[in-house]
Number of protein chains: 2
Amino acid sequence: MPPADPVPAFHAHDHAQCSDSMLARAEALAAERGVRLTPVRRRVLELLLEQHRALGAYEVLDRLAAEGFGRQPPVAYRALDFLVEQGLAHRVARLNAFAACMHPGEPHAPVFLICRSCNAVAEAGGDSLRRALEVEAATQGFAVERSSIEALGQCSACRGAAA
Amino acid sequence: MPPADPVPAFHAHDHAQCSDSMLARAEALAAERGVRLTPVRRRVLELLLEQHRALGAYEVLDRLAAEGFGRQPPVAYRALDFLVEQGLAHRVARLNAFAACMHPGEPHAPVFLICRSCNAVAEAGGDSLRRALEVEAATQGFAVERSSIEALGQCSACRGAAA
DNA sequence: CTTGACACGTTACGTTATTACATACATCTC
DNA sequence: GAGATGTATGTAATAACGTAACGTGTCAAG
Ligand SMILES: [Zn+2]
Ligand SMILES: [Zn+2]
Ligand SMILES: [Zn+2]
Ligand SMILES: [Zn+2]
């Protein structure tokens, strides 16, 4: 098996650049698709990109309200829904929370690794995993349409710290 | 690959026997572990076993209340938490709901196939899938502790009906 | 300039889950 | 059996998450 791309979430990296490049890709995709990355939507994406972790809708909402945007739940949910629809963010069901997508534009089924110590959320490229799921499902005659694969555990840094 | 065990949820089977045998296994496991399968807990497990689908906590609660048990949320949540801790049920994050485990006692990572037409929930044996996830995670230095794999789609029966 | 689509804002409500505390009950010790 | 202890059950109250319905502002097409 070829080594998978290292996922930035669990490793030191130039996060400003990481975040900026995601934003740029989002702008490009929005333009290309003729959808509007409005101030609220853009700001929500920025918030999700601040750290490699998932934010609850109300956490997002508080930040928005503090910055002069609306302070009612639909404001946050609409922006989040937009980002999810456009594949710029994912919902992490296990956490009732949302995380920026690290592979926008590339169709993919997300695989999340969630560190229970530092709360970092990494989106692994799970192509082989996804195929394994489809095969497994096919043996039952089941046709997969959407899937969520989420693992809770500990990242290498936190495991090192614990030892 | 050896064919996976067929999952009962999507196929005609003697469900009374299916359900009874799960209950019996639950009783045996509880005895073995010295934990108590009290009336509420047992009843909740029975409810989950009635059909191969997931029940919301409040759906469970309504049934309990109608039968003379407590009518406040903790009554349902505590019983459900107990069952989950003992590996007799799983939480289906995507549905905010709970399903009886079809492999109690055997340590396993649950893989759920959720039919969006008939709402049936099948727990597939996902050993290969689980290993694939662990391998994927390991390349990132991540140690998986708990995982949930959930697929939304259509079962063979519903797909046949649609055509 | 009008029209229509869309985004944003609000109010109000529905659903899911937890905290905190009181009561009942089984089990162990004496 | 009486008393102490831990566990299970019950309640009220509230927190956290999510949606429906409706009005207003903005902007581009006609
Ligand atoms: Zn980064
Ligand atoms: Zn993604
Ligand atoms: Zn059955
Ligand atoms: Zn199971």
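In the text below, chain A, chain B and the rest are named by the order of the sequence lines, each starting its count at 1.
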What is the distance, rounded to the nearest whole Å, between atom [atom1] of [X] and atom [atom2] of [N]?
X: B/Glu85; N: D/dT7; atom1: CD; atom2: P; result: 13 Å
X: B/Phe98; N: C/dT15; atom1: CZ; atom2: P; result: 17 Å
X: B/Arg94; N: D/dC17; atom1: CZ; atom2: P; result: 19 Å
X: B/Leu61; N: D/dG10; atom1: CG; atom2: C1'; result: 12 Å
X: B/Asp62; N: C/dG14; atom1: CG; atom2: P; result: 15 Å
X: B/Asp81; N: C/dT18; atom1: CG; atom2: P; result: 7 Å
X: A/Phe82; N: C/dC6; atom1: CZ; atom2: C1'; result: 12 Å

Assert: residue with more 5' nearest nucleotide on DNA chain D, out of A/Leu95 and B/Tyr58, is B/Tyr58
Between B/Asn96 and B/Val40, whichever has its closest DNA chain D nucleotide further toward 5' is B/Val40
* Going by an N to O cut-off under 4.0 Å, is there a salt bridge joining B/Glu46 and B/Arg43? -> yes
- Message: Can you tell whether the side chains of B/Arg25 and B/Glu106 come within less than 4.0 Å, N to carboxylate O?
- Response: yes
Polar atoms only, N or O, under 3.5 Å: list the protein pairs with nucleotides 22-25 of chain C and their distances.
none

Can you confirm whether the side chains of [X] and [Y] place a donor and an acceptor under 3.5 Å from each other?
X: B/His108; Y: B/His90; answer: yes
X: A/Ser148; Y: B/Arg94; answer: yes
X: A/His52; Y: A/His11; answer: no

Can you find a pair of side-chain heavy atoms, one from B/His15 and one from B/Gln51, that are under 4.5 Å apart?
no
Within residues 68-80 of chain B, the residues having a heavy atom closer than 4.0 Å to DNA chain C are B/Pro73, B/Pro74, B/Tyr77
Residue set satisfying salt bridge (charged side-chain N to carboxylate O under 4.0 Å, His left out) with B/Asp62, at least two apart, ordered chain then number -> none
request  = Starting from the C-alpha separation in whole Å, work towards a yes-or-no answer on side chain to side chain contact (heavy atoms under 4.5 Å, CB included) for B/Leu29 and B/Leu37.
outcome  = CA-CA 10 Å; B/Leu29 278 169; B/Leu37 194 59; over 6 Å; no
Parallel, tilted or perpendicular, as decided by the 30° and 60° cut-offs, for the rings of A/Phe10 and B/Phe142
parallel
